[in-house]
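Down below is the structure, laid out as structure tokens.
No hydrogens, no waters, no symmetry mates; every other heavy atom, side chains included, goes into these values.
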Amino acid sequence: LTIGTAIKLDSHGPMIFKQQRSGLGGKPFGIWKFRTMCVDAEAQRDDLLSVNEQDGPAFKIKSDPRVTRLGAFLRKTSLDELPQLVNILIGDMTLVGPRPLPVQESNACEPWQKRRLNITPGLTCIWQVWGRSAVTFNEWVRMDLKYQRHLTPRHDLKIMLATVPAVLKQRGAC
């Protein structure tokens with residue numbers, strides 16, 4: 001409630017942002033996040049492609065001009081991800097698994113990269129903890145595939161425990 005109110009006071013538009021992401025088997029689902037960008041951010045994406053800092057089909061800009069003042073804080077602290085607990089409750093996501101890409105980016109992946117869709121996406125993942133924004137897209141996918149090969153409750157617990165200090169230290173957060 002506090003975050004939602006702060007978003008409304010910081011900028012006009014909805015508190016929650018919903019975007020179509022690729023889930024298990026590539027099936028699209030609506031991911032929920034606290035809104036961290038201006039309302040027309042999706043429409044501005046194509047105009048910003050020339051300054052994309054992530055290789056491959058993923059789109060990331062460290063100092064994205066579409067991010068609101070409060071949005072920058074929410075992203076650094078990962079608080080913008082809290083509404084994804086709803087996605088977990090309804091079964092679209094799990095706590096740990098490959099982060100779901102927007103459908104457009106997922107569709108642009110090479111066939112070997114799409115193997116990351118063979119398991120349910122997660123709120124946190126191996127590359128967010130041990131790579132975050134400092135890895136190439138191919139390395140990001142390789143980390144997701146390695147996670148799939150070592151999928152155990154113990155490994156998930158290790159990733160969840162490592163997520164806490166990664167978030168607190170804001171390692172690689174944009």
Side-chain angles (χ1 to χ4, degrees), residues 16-33 35-37 40-64 66-67 75 78 80-163 166-167 171-174:
I16 301 291
F17 172 72
K18 184 178 180 185
Q19 183 182 51
Q20 290 296 299
R21 299 281 178 113
S22 292
L24 179 62
K27 179 183 171 195
F29 73 96
I31 196 171
W32 299 89
K33 299 178 90 166
R35 185 176 56 81
T36 61
M37 293 187 173
D40 65 341
E42 293 284 293
Q44 294 181 34
R45 183 185 181 276
D46 289 344
D47 295 335
L48 296 168
L49 283 174
S50 63
V51 293
N52 183 15
E53 297 172 0
Q54 180 71 54
D55 65 329
F59 182 78
K60 293 191 183 290
I61 303 172
K62 192 174 260 182
S63 297
D64 195 319
R66 303 170 300 166
V67 176
R75 286 172 164 228
S78 296
D80 62 318
E81 310 285 352
L82 285 177
Q84 290 168 42
L85 294 173
V86 173
N87 290 111
I88 291 168
L89 289 174
I90 62 177
D92 291 330
M93 293 176 64
T94 60
L95 285 173
V96 181
R99 287 294 296 158
L101 289 173
V103 170
Q104 177 184 1
E105 293 175 15
S106 186
N107 289 343
C109 285
E110 296 175 22
W112 75 270
Q113 295 168 332
K114 289 182 180 184
R115 291 193 336 242
R116 66 191 301 280
L117 300 172
N118 291 341
I119 62 172
T120 305
L123 180 63
T124 188
C125 67
I126 194 167
W127 74 262
Q128 277 192 310
V129 174
W130 288 289
R132 203 116 185 210
S133 299
V135 297
T136 66
F137 185 73
N138 282 341
E139 186 60 26
W140 167 358
V141 172
R142 284 186 193 101
M143 293 172 92
D144 286 341
L145 296 177
K146 181 180 179 182
Y147 166 76
Q148 286 182 23
R149 289 189 304 271
H150 301 284
L151 187 60
T152 64
R154 182 178 176 174
H155 193 227
D156 280 1
L157 182 60
K158 182 178 175 183
I159 292 170
M160 284 188 283
L161 292 173
T163 297
V167 168
R171 266 194 315 240
C174 291

Are the side chains of [X] and [Y] in touch, meaning some heavy atoms are under 4.5 Å apart?
X	Y	result
N87	L123	no
M93	R99	yes
I126	H155	yes
F17	D80	no
N138	V141	no
Y147	D156	yes
F137	K60	no

Verdict with supporting geometry, Q104 and R45, side chain to side chain contact (heavy atoms under 4.5 Å, CB included): CA-CA 12 Å; Q104 177 184 1; R45 183 185 181 276; 3.4 Å; yes
Measure the acute angle between the ring planes of W140 and W127, then classify it against the limits of 30° and 60° as parallel, tilted or perpendicular.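 Aromatic pair W140/W127 classed tilted.
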Kindly compute the distance separating [atom1] ([X]) from [atom2] ([Y]), expressed to the nearest 0.5 Å.
X	Y	atom1	atom2	value
E53	D64	CD	CG	9.0 Å
M143	C125	CE	SG	8.0 Å
Q19	E42	CD	CD	4.5 Å
D144	E139	CG	CD	10.0 Å
L151	I119	CG	CD1	5.5 Å
L101	R116	CG	CZ	4.5 Å

For the pair [X] (side chain) and [Y] (backbone), establish whether a donor and an acceptor sit closer than 3.5 Å, ignoring hydrogens and angles.
X	Y	result
Q84	I31	no
E81	S78	no
N118	R115	yes

Does K158 NZ have over 12 foreign heavy atoms under 6.0 Å away?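 Open: at most 12 neighbouring heavy atoms sit under 6.0 Å from NZ of K158.
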Which atom pair, heavy atoms only, marks the closest approach of [X] to [Y]?
X	Y	answer
P98	T120	CD-O, 3.9 Å
P121	L24	CD-N, 3.8 Å
Q148	L117	NE2-N, 4.4 Å
D92	F29	CB-CD1, 3.5 Å
Q20	P28	OE1-CB, 3.6 Å
A108	P57	CB-CB, 3.6 Å

